[in-house]
Amino acid sequence: MSLRWVGIVLGACALSAGEASFADPAADNAAAAGGLEEIVVTAQRREESAQGVGIAMAVLPGNSLEAKSIANVNDLQNAVPSLQVEPAFGSGQPQFRLRGVGFIDYTSNNASPVGVSIDDAALALPIQTQGLLFDIDRVEVLYGPQGTLYGRNTTGGEINFITNRPTADPHAGVTFEYGSFNQFTGQGFVSGGIADGLTGRLSFATEQGGAWQHNRLNGDSLGNKDKVALRGQLEFDPTQAFNFRLQTYWAQDKSEEIGLHLLDNYPASPPGAATLIPADTDRYVTGWQLNPTFANLIGINPNSKPGLDNENYGVNFSGNIDFGAAKITSITAWNRMIRREYSDWDATQYDDSDEYFRSYLNVISQELRIASVGTGPFSWVGGVFYSDQRLDENFYSDLTDSYGGIALTSYGQNANSFGEFGQVNYRFNDAFKVTLGAREDHETRELKDLTSGFIEPVVPFNTDISHSITSNLPSGKFEVDYTPQAGTLVYESVSRGVKSGGFTAHNTVAAPQADPFEPEKLTAYEVGVKSDVTPTLRIDAAAFYYRYRDQQILGTIYDPVYGLIGRFVNADSRLDGGELELEWHPLPGLSISQYYGFVEGYYTSNLIDNTVQPPVNYNGRPESIPKNTYGGDLSYACRVGDYQLTAESNYSFHDTYSQFFLLGSNAFTIPAYWLANANLSLSPGSGGPWTLTVWGRNIFNRDYDLTRNFFLNTANVAQAGDPAMFGIRFNYKY
């Protein structure tokens, strides 16, 4: 797909939107009969309609997350175009990709080009994002570089979670859900006034059960969830000019993991080796077994199942002071995460590649910004952001059956970043607005005492390797908005984002692998249109062209003893594509929404793969990204006596995804798949406090994989997605 072709389509959409808006004499009547709802966002650091913001974005109201089966950030890929979230080897380390911009890594130390924040507090590393989603007001997914308005710079985009705020009037609610495989979830909140000007909110969530896999040897179950989370908020509004909010949170995750299954006979290599376990044909089976020596070294019970023992807690303090002409906002955040995770990456009873992470992460960040107040033609915002990260990680690998020992990789990493950002907007008239933004980032990352080698028996590979990398990189944005008429916005923008460099911290035999890789730079060209074509039909479309410099990708080098070994390298590439979203309310009670995303990319610099003979130059070859994503939602509500009955269904499609570059093979292609969910809800027709829902997820029981990979070349593995599940949910709020 070329940018020129998409631009022509967008232009046609804009023209047709304008004609339709003028040609609709019954607009007010249609709106009264169930028109489109205005979506208010804070994507540009102030409350405004999403249709008036010249940024491609997807917005999910909090009350839609349950219907779309979104329980954590990974599930967003089933409701947002051009978004993929892949669990590394099925572990708690997510790998984000938005419009093809992503980063593939199973260790914890490198940032993602797709930023994630909760109530304006940026999460520094992907492992911090895996908590429960609960008591959420909305989710905003912003495409493209974000940095001129946000504390942390990104190249791929930003996912913002905005929680529900404390209320002055007393409110409370609970949600209970029970489903297949004895899965139970519960959520609740209490909110209200405490004293004059002081309000509070306490919310909680838990998820239990749900195991649907079993050990192929003895039938033991695997996959039960055991998650608990709490969030408390105090908001103090002594006057109209002052506002302060204190948020504390705590989460614990002792869940079992979803196991991997064998794609091929085990062992998969060397050629001619005897088959010990045939390839799995049933996604419900997996395998694991702990070596007692390994269990003793990592300090867990030898009978443990693959799973987590994580804690995540912190404090977020924000304040606003309004001086009339300008408002100062401060956001201070502290987060502490302890990651303890045992995984079996060979999916067998053998001690081939059993893994254990013990990680300790501390992050302190401070954002301070000042913004204009008022509705005049000129507006501005400026700020600074500081972050200090300290990570200590130990990564154990039981390779006894493959290489005769147990390996340990340990290291520390410190990262200090300081950013200055600002953006100005000037509206010349009702039709034209120009936006100009700039940013400068200063960052230092230090890898400390990287040691990798066998500890049982003792055979050191690398000892006390330390590196540092410092970057001072500018970025910015230029945007022109054109509003030909009320309800239609056409925008064009050029923006640049940067992501810091880092280090390969894998268990490795070659010291040069720990050499730093360079920061990546992305220049984005985008054109889009947002139009409320009629009071009941909304069409949004965007097209983009990205030029990547020094894109960070996981390549491989070949060692004659240990085979393929991962190492991050830099390469140039380009990406292009677009998104199309439609929302239509043709009749009272009937709502239809559809989305489509397309992305393709190619490498544009010489990148040599020496893992095959003769070596392959990937210049001009396509990137390993799924091209097409699409999905939608259909909902109809009607009165049945004194009650309201609502039928809702939603679906998503994910295209074929080939990891040939990452793995040097086409054997790890993830086939295309689509999923469908359905909900049938009953509630009082007068808008009463309760709702009873019967739900189904993956209702056609489609087989699909979320990731395919190998850690050692003896076991080619995949993580299957959830099978069909059905259940009942009860909501009560007042």
Side-chain angles (χ1 to χ4, degrees), residues 3-4 6-7 10-11 13-14 17 39-59 82 98-99 101 115 140-158 160 369 371-372 375-383 419-441 474-498 521-531 540-547 575-579 581:
L3 187 65
R4 179 184 302 174
V6 178
L10 291 180
C13 288
I39 301 174
V40 177
V41 298
T42 53
Q44 297 196 116
R45 299 301 200 183
R46 60 182 181 273
E47 291 189 354
E48 55 190 334
S49 171
Q51 292 301 103
V53 179
I55 300 175
M57 67 173 70
V59 183
S82 304
L98 187 58
R99 284 182 169 176
V101 179
E140 301 176 2
V141 181
L142 313 180
Y143 295 87
Q146 307 293 327
T148 60
L149 285 172
Y150 286 86
R152 189 174 301 281
N153 206 346
T154 64
T155 49
E158 183 83 17
N160 298 326
R369 64 178 185 265
S372 61
T375 58
F378 181 71
S379 61
W380 51 268
V381 60
E420 309 146 303
F421 59 92
Q423 183 168 296
V424 296
N425 303 280
Y426 187 78
R427 181 172 292 280
F428 292 91
N429 49 45
D430 291 341
F432 284 98
K433 185 180 77 171
V434 171
T435 299
L436 182 64
R439 182 187 181 95
E440 181 78 18
D441 280 296
S475 55
K477 177 180 182 178
F478 176 74
E479 177 188 321
V480 177
D481 292 354
Y482 173 55
T483 306
Q485 61 189 38
T488 298
L489 169 68
V490 180
Y491 62 92
E492 296 182 3
S493 66
V494 179
S495 57
R496 184 177 191 262
V498 298
K521 288 80 68 176
L522 185 146
T523 302
Y525 303 88
E526 183 168 320
V527 57
V529 58
K530 298 183 177 184
S531 181
D540 294 350
F544 66 91
Y545 176 75
Y546 289 171
R547 291 292 298 178
L575 296 158
D576 59 65
E579 295 83 35
E581 294 186 79

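Interatomic distance, E581 CD to D540 CG, rounded to the nearest 0.5 Å: 6.0 Å. The OG atom of S495 lies 12.5 Å from the CZ atom of F478; values are rounded to the nearest 0.5 Å. Taking OG of S531 as the reference point, atom CG of L489 lies at 9.5 Å (rounded to 0.5 Å).
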Carefully, step by step, assess Y491 and Y482 under the rule ring pair (Phe, Tyr, Trp, His ring centres under 6.0 Å).
CA-CA 6 Å; Y491 62 92; Y482 173 55; over 10 Å; no
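The residues R99 and E579 are annotated as salt-bridged, a charged nitrogen and a carboxylate oxygen being separated by less than 4.0 angstrom.
With contacts defined as side-chain heavy-atom distances shorter than 4.5 Å, the pair F421/D441 does not qualify.
Listed for the S372 side chain is a donor-acceptor partner under 3.5 Å among the backbone atoms of W380. For R496 (side chain) and K521 (main-chain N/O), no donor-acceptor pair under 3.5 Å exists by modelled atom type. Judged purely by atom type and a 3.5 angstrom limit, K477 has no side-chain atom pairing as donor or acceptor with the backbone of Q146.
Within a 6.0 Å radius of CD in Q51, other residues, nucleotides and ligands contribute more than 12 heavy atoms.
Among residue pairs with one or both ends in residues 426-435, those qualifying as side chain to side chain donor-acceptor pair (under 3.5 Å) are N425-T435; sequence neighbours excluded.
Across every non-hydrogen atom of T488 and T483, the tightest pair is O-CG2, 3.2 Å. Of all the heavy atoms in Y546 and G144, the pair that sits closest is OH-CA, 3.3 Å. Across every non-hydrogen atom of K530 and A50, the tightest pair is NZ-O, 3.0 Å. Listed here is the closest heavy atom pair of V381 and L149: CG1-CD2, 3.1 Å. Scanning all heavy atoms of the two residues, the minimum distance from M57 to L142 falls at CB-CD2, 3.8 Å. Looking at every heavy atom in both residues, E526 comes nearest to A542 through OE2-CB, 4.2 Å.
Outside the 6.0 Å centre-distance limit, the rings of Y525 and F544 are not counted as a close aromatic pair.
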